[in-house]
Amino acid sequence: MSRRTVAVVLAGGLGTRLGGEQPKQLLRLGGTTILGHAIAAFERSPLVDEVLVVMNPGHLDEAHDVVREHGFTSVRTVVEGGATRTDSTLAALAALGDEDCDVLVHDAARPLLPDHVVTACVEALRDHEAVEPVLPLVDTVVTVDADVVSGLHERETLRRVQTPQGFRLATLRRAYDLATADPGFTATDDASVVVRYLPDVPVAVVPGDERNLKVTGPMDVVVAEHLLARDAHEFGAGDVSR
């Protein structure tokens, strides 16, 4: 029997670089909240069984409102996130308990997640314990020390990492058990925790998508709005379940 797949949407951040009085995941793009777009990507997928939302503390009611607004049926529950991304992932792991499943961990700040990226991650977990979508670099990358270039990097072997990142739940839990016992532990994503603390577990890669941008600053909002407007013209407006 195949394992169930649960998508975890991390919406615990404040999005201070965008300004405003509410978390950026509640900002509306094309009439729908960023959080609503992120959940919809998994609601659409026949390969995802359930969605777990980890929301910014103090804004759980708004997250429930988003679920009700769109009639999302895949959302299992909404739980409170922590002060850091790692804390929010740990809250998700606690909510998932000891279930034997595959888990996709996605940043809510990536609201335009294409269906094919979700499919690729789920299918890769049939043969791998961990997977992440990546994109090639197009710019030269350098190391800078005291405002002076101190090193060059071969971009052919470098990739930009996106989410969702997929894991066998037991693998991700084992990696975090080791990580949280390390006083020097820090992480900006979940696959890096597996790479660092479970070096014998290969992290497979699948193609990401330029559309799967992370809304961080004002220019990202402009780009996302443009892409959604183009979609509305091609497919019809207001259908986040497309």
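Atoms considered below: every heavy atom in the structure, side chains included; atoms not considered: hydrogens, waters and symmetry mates. From a predicted model like this one, the values you see are computed outputs, not experimental measurements.
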Beyond-backbone contact of [X] with [Y], side-chain heavy atoms, under 4.5 angstrom:
X: F42; Y: V9; value: yes
X: D231; Y: R211; value: yes
X: L26; Y: M55; value: yes
X: D189; Y: E132; value: yes

All side chain to side chain contact (heavy atoms under 4.5 Å, CB included) counterparts of L137, not counting sequence neighbours: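 Result, side chain to side chain contact (heavy atoms under 4.5 Å, CB included) vs L137: V141, R155, L158, R160.
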
Look at the side-chain heavy atoms of Ile, Leu, Val, Met, Phe, Trp and Tyr, link any pair under 4.5 Å apart, and say whether [X] and [Y] land in one connected group.
X: V161; Y: V131; result: no
X: L213; Y: L135; result: no
X: L113; Y: V205; result: no

Quick check on D182: does its CG atom have over 12 non-hydrogen neighbours (other residues, nucleotides or ligands) under 6.0 Å away?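 Yes, enclosed.
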
Atom CD of residue position E154 - does it have more than 12 heavy atoms of other residues, nucleotides or ligands inside 6.0 Å? no

Residues V118, L47; criterion side chain to side chain contact (heavy atoms under 4.5 Å, CB included); working and verdict: CA-CA 8 Å; V118 176; L47 300 179; 5.8 Å; no

Taking all non-hydrogen atoms of both residues, which atom of [X] and which atom of [Y] are closest, and how far apart?
X: Q25; Y: N56; value: NE2-CB, 3.8 Å
X: P202; Y: D200; value: CD-O, 3.3 Å
X: L125; Y: R3; value: O-NH2, 3.0 Å
X: A124; Y: V206; value: CB-CG1, 4.0 Å
X: P133; Y: P164; value: CD-O, 2.9 Å
X: Q162; Y: G208; value: OE1-CA, 3.3 Å

Would you give the length of the straight line joining atom [atom1] of [X] to atom [atom2] of [Y], rounded to the nearest 0.5 angstrom?
X: H59; Y: H64; atom1: NE2; atom2: NE2; result: 13.5 Å
X: E62; Y: E69; atom1: CD; atom2: CD; result: 12.5 Å
X: L112; Y: E210; atom1: CG; atom2: CD; result: 12.5 Å
X: H70; Y: I39; atom1: NE2; atom2: CD1; result: 8.0 Å
X: I34; Y: L29; atom1: CD1; atom2: CG; result: 4.5 Å
X: T143; Y: H153; atom1: OG1; atom2: NE2; result: 2.5 Å

[X] (side chain) donor-acceptor with [Y] (main chain) under 3.5 angstrom:
X: R168; Y: E129; value: no
X: E43; Y: S74; value: yes
X: S192; Y: A187; value: no
X: E225; Y: G30; value: yes
X: T33; Y: R28; value: no

Hydrophobic cluster mates of Y176, side-chain heavy atoms under 4.5 angstrom, ILVMFWY only, any path? V6, V8, L10, L52, V54, V79, L90, L93, L96, V103, V105, F167, L169, L172, L178, F185, V193, V194, V195, Y197, L198, V201, V203

Before accepting this row, confirm whether a basic side-chain N of the pair [X]/[Y] lies closer than 4.0 Å to the acidic partner's carboxylate O.
X: D190; Y: R85; result: yes
X: D177; Y: R174; result: no
X: D220; Y: K24; result: no

Are D102 and R126 close enough, and set up right, to give a salt bridge (Lys or Arg N to Asp or Glu O under 4.0 Å), and what steps lead you there? CA-CA 9 Å; D102 290 341; R126 296 171 183 170; over 6 Å; no

Kindly indicate, with the supporting measurements, whether the criterion side chain to side chain contact (heavy atoms under 4.5 Å, CB included) is fulfilled by R44 and D115. CA-CA 8 Å; R44 288 193 302 266; D115 297 348; 2.9 Å; yes

